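The analysis underlying the following values was restricted to heavy atoms, covering all of them including side chains, and did not include hydrogens, waters or symmetry mates. Treat the numbers as computed from the prediction; the structure is a model and nothing was measured.
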Amino acid sequence: MAKDDGIKVETDEEQIAKIDFDKEDVKQAADMIAEKGFVTKNDFPDMHDRLWSQGFYEKIEDEFHHRDNEDPYIFCERFDFIGGAIESIIFDMDQVKTREKALHILGEALDLKVQDKPNETYKMVTY
């Protein structure tokens, strides 16, 4: 049986709730997604943080729900890249039709190498 040492560990939701998202950034992100279909850390540098990205995504979704005649299918996804980088993209699946397309858009935007066959081990030659 695990010992209760009195240390409280915050959940992701509790940590996200403490983040203060700028309303203008949320509006700008929604506008950018409506225009080009996605945002990355190139647009909002704090997207390097997983929890910040998740909370930002939730705020963007809320922004779209409050707009008239706009109800895109917004999605937040984290992808692994060759070399170990893990990055986030928030995108509209009505414009970026597949997760694979989102992966490639994110890789191109951040100049990261995409493993085209993710179920195969990437073979690196060393000398």
Subject >> Audit row: E87, R78, salt bridge (charged side-chain N to carboxylate O under 4.0 Å, His left out) steps and yes/no >> reply: CA-CA 5 Å; E87 298 294 343; R78 291 177 53 81; over 6 Å; no
Subject >> Intermediate values then yes/no, salt bridge (charged side-chain N to carboxylate O under 4.0 Å, His left out), K36 and D43 >> reply: CA-CA 12 Å; K36 68 178 185 174; D43 306 303; 3.3 Å; yes
**OP:** Could you check F21 against W52 for ring pair (Phe, Tyr, Trp, His ring centres under 6.0 Å), going step by step and ending with a plain yes or no?
**Re:** CA-CA 9 Å; F21 296 96; W52 193 93; 5.3 Å; yes
Original post:
side chain to side chain contact (heavy atoms under 4.5 Å, CB included) between F64 and D71: does it pass, once the steps are laid out?
Top reply: CA-CA 6 Å; F64 276 117; D71 191 23; 5.9 Å; no
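Listed for the Q15 side chain is a donor-acceptor partner under 3.5 Å among the backbone atoms of E10. Side-chain N or O atoms of N42 include one that pairs as donor or acceptor with a backbone N or O of A109 at under 3.5 Å. E108 contributes no side-chain N or O that, together with a main-chain N or O of I105, makes up a donor-acceptor pair within less than 3.5 Å.
A salt bridge does not link K18 to E13: none of the charged nitrogens lies less than 4.0 Å from a carboxylate oxygen. Salt bridge absent: D49 and K41 never bring a charged side-chain N and a carboxylate O closer than 4.0 Å. Classification of D62 and R67 as a salt-bridged pair fails, no side-chain N sitting under 4.0 Å from a carboxylate O.
Looking at F38 and L106, their side chains never come closer than 4.5 Å, going by heavy atoms from C-beta outward.
The side-chain contact (heavy atoms from CB on, under 4.5 Å) test with F56 is passed by exactly one of I16, D22, D25: D25.
Taking CZ of F75 as the reference point, atom CG of D92 lies at 12.5 Å (rounded to 0.5 Å). Atom CZ of F79 sits about 9.5 Å away from atom CD of E100, to the nearest 0.5 Å. Taking CD1 of I89 as the reference point, atom OG of S53 lies at 11.0 Å (rounded to 0.5 Å). Summarising the geometry, atom CD1 belonging to I33 is positioned 5.0 Å from atom CD1 belonging to I74; distances are rounded to the nearest 0.5 Å. For the atom pair NZ (K59) and CD1 (I90), the distance works out to 13.0 Å, reported to the nearest 0.5 Å.
Of all heavy-atom pairs between E63 and A30, the closest is CG-CB, 3.6 Å. Scanning all heavy atoms of the two residues, the minimum distance from L51 to D12 falls at CD2-CG, 3.5 Å. Among all heavy-atom pairs drawn from D80 and L103, the shortest one is O-CD1, 4.3 Å. Of all non-hydrogen atoms in V39 and M32, the two that sit nearest each other are CG1-CB, 3.8 Å. When all heavy atoms are compared, the tightest approach of Y57 to C76 is CG-CB, 3.5 Å.
Tracing side-chain contacts under 4.5 Å through hydrophobic residues (I, L, V, M, F, W, Y), one reaches M47 starting from I19; they form part of the same cluster. Cluster annotation: F91 and L110 are assigned to the same hydrophobic cluster (Ile/Leu/Val/Met/Phe/Trp/Tyr, side-chain heavy-atom contacts under 4.5 Å, transitive).
For CD of E14, the number of neighbouring non-hydrogen atoms (other residues, nucleotides, ligands) closer than 6.0 Å is greater than 12.
Side chain to side chain, D31 and Q28 fail the donor-acceptor criterion of an N or O pair below 3.5 Å.
Considering only residues two or more places apart in sequence or on other chains, K101 meets the side chain to side chain donor-acceptor pair (under 3.5 Å) condition with none of them.
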